[in-house]
Amino acid sequence: MTFIRSRLFVCLTALSAAMPALAQTVTPCPAELKPLATCYAGADQNGATYWIAIPAKWNRMLVMHAHGGPRLAAIAPDNALEDLQRFAVTVKQGYAWAGSSYRRPGYGVRVAAEDTDNLRKLFIERFGKPALTILHGQSWGGNVAAKGLELYGVNPDGSHNYDGVVFTNGMIAGGTLNYLHRADLRAVYQYYCKNHPRPDEAQYPLWQGLPAGARMTGKELEARVNECTGISLPAAQRSAAQAHNLANILAVVPVPERTLVSNLNWATFMFRDLVQRVLGGRNPFSNQNVAYRGSDDDAALNRGVARFSADPQALAQLAEDSNVSGRLPLPVISLHAIDDPTALVEYETHYRDLAAGAGSAGNLLQTFSNENEHSKLADAEYAALFDALTKWIRTGVKPAARDMPALCAQQPFGGGCHFVPNYVPAPLFSRIAPRN
């Protein structure tokens, strides 16, 4: 089966330049959807692979999914399969679901938004226009969906390509803000650990992530973090130096212990992709005037930590690719775990302020849950989001955050209901170190 899929992928990619891509049945649905839906997979005209699932009892509505990441692994036929499996609840609700791998690995919000919209067009060509189309962005896909809403939500003639948008644990502050705490993490980690790079290795600016040609792997990075902090050891087995380093890093930078390695991974390999491939080797990050606080000796930390300044051209290029205006021509609902260990819940405050400044507050409903995961929240909560948004689109009546617990409780799906209707996130720069 793997060989057949690979040959099919090669054939679809080779033919894509000569003819429009069409969805083809190539594999059964994931196990939990086999009795409920028909699945399709293929590649579009740019080589982005995709999966589509259409339930037997289709409600004639489509969810276009923008996945998180950015993923750095090579594009393959099954890239979007894990997203379909994670959000299978939407298909069980009766929605058709479509997700693109995007045409290339790595950073690029505009390209990812275009690939998602290309898949929407492909779906219509093959299966007809849905009654409603909802754009869903998860994690970094929230940035993709937020940009896609502004680029493709409404056509110049006023017609709609999408009818509403859902963000779940979205990185919706835009590229120039989403990664500041990870840039801080590289600097603070190196101050305490001095092993990324080591003193006897080639030195490079930390904002590069890694220098060109470096062959470090994720496992090697994890070993260095453990060497410095003992993070893979029980707390009682860490040396005094390891415990000291770990406590200070976590006190200064807003990442939890359980995701320290993954956040450093992004600040290493994703930064390399962003800086070297997208920004031409230029630096989009600055900590020049940042006062780090929370350590056992802030004065020494601020004297000794590595400093860097953003290149204006790189900053402008990153903003053009991934920052958003907050203009919302369509209803938007977001759900964010309060204890999200990967995408800061305070991103929601920034997006709310953008929407208010653009006069779009009436088209935004933000909801929050008392959960501490990033990639997957409760199925019943997802179902409630899509039900609430669909009703809002059809009636024009905006739901309230206080409505969500009851709507969630009505859902025939698992995971529980963890909405916190009265929660209001703090400002972003109360969580990360302010910049001048």
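Throughout, numbering of the chain's residues begins at 1 and tracks the sequence. Not measured: the values here are computed from a predicted model. For the numbers below, each heavy atom of this structure counts, side chains included, while hydrogens, waters and symmetry mates do not.
- The structure places CZ of R86 at 6.5 Å from CD of Q138, a figure rounded to the nearest 0.5 Å.
- Salt-bridge check for R238 with E257: passed, with a basic side-chain N closer than 4.0 Å to an acidic carboxylate O.
- With ring centers used as reference points, F167 lies under 6.0 Å from Y351.
- When all heavy atoms of N323 and A173 are compared, the closest pair comes out as OD1-O, 4.5 Å.
- Contact check for F429 versus R435: side-chain heavy atoms found under the 4.5 Å cut-off.
- Of the residues listed (Y382, F413, F386, Y95), the one engaging F87 in a ring pair (Phe, Tyr, Trp, His ring centres under 6.0 Å) is Y382, and it is the only one.
- Of the options Y292, Y179, Y189, a side-chain hydrogen bond (donor to acceptor under 3.5 Å, both in side chains) to D184 is made by Y292 and by none of the others.
- Residues L119 and D44 form no side-chain contact, since every pair of their non-hydrogen atoms from C-beta on lies 4.5 Å or further apart.
- Within a 6.0 Å radius of NZ in K391, other residues, nucleotides and ligands contribute 12 heavy atoms or fewer.
- Of all the heavy atoms in P405 and F419, the pair that sits closest is CG-CB, 4.0 Å.
- Within 6.0 Å of atom CG in D339, more than 12 heavy atoms from other residues, nucleotides or ligands are found, so the atom counts as buried in its surroundings.
- Summarising the local packing, CZ of R394 is surrounded by 12 or fewer heavy atoms from other residues, nucleotides or ligands at distances under 6.0 Å.
- Between the T259 side chain and the S262 main chain, no donor and acceptor come within less than 3.5 Å of each other.
- Residues S369 and L377 form a side-chain contact, since some pair of their non-hydrogen atoms from C-beta on lies under 4.5 Å apart.
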Residues E373, R258; criterion salt bridge (charged side-chain N to carboxylate O under 4.0 Å, His left out); working and verdict: CA-CA 11 Å; E373 298 298 330; R258 63 195 173 103; 3.8 Å; yes

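- Environment of CZ in R282: crowded, with over 12 heavy atoms of neighbouring residues, nucleotides or ligands closer than 6.0 Å.
- We find the CZ-CE distance between R182 and M270 to be 6.0 Å, quoted to the nearest 0.5 Å.
- The NE2 atom of H136 lies 12.0 Å from the OG1 atom of T116; values are rounded to the nearest 0.5 Å.
- Under the salt bridge (charged side-chain N to carboxylate O under 4.0 Å, His left out) criterion, E320 pairs with R110, not counting sequence neighbours.
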Candidate pair F127 and L62, rule side chain to side chain contact (heavy atoms under 4.5 Å, CB included), full reasoning: CA-CA 11 Å; F127 302 108; L62 170 65; over 6 Å; no

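- Listed by chain and residue number, W51, D83 satisfy the side-chain contact (heavy atoms from CB on, under 4.5 Å) test with A80 (two or more places apart in sequence, or in another chain).
- Inter-residue side-chain proximity for V332 and N363 is flagged as unmet; no heavy-atom pair is nearer than 4.5 Å.
- A donor-acceptor pair shorter than 3.5 Å cannot be found between the side chains of Q410 and D387.
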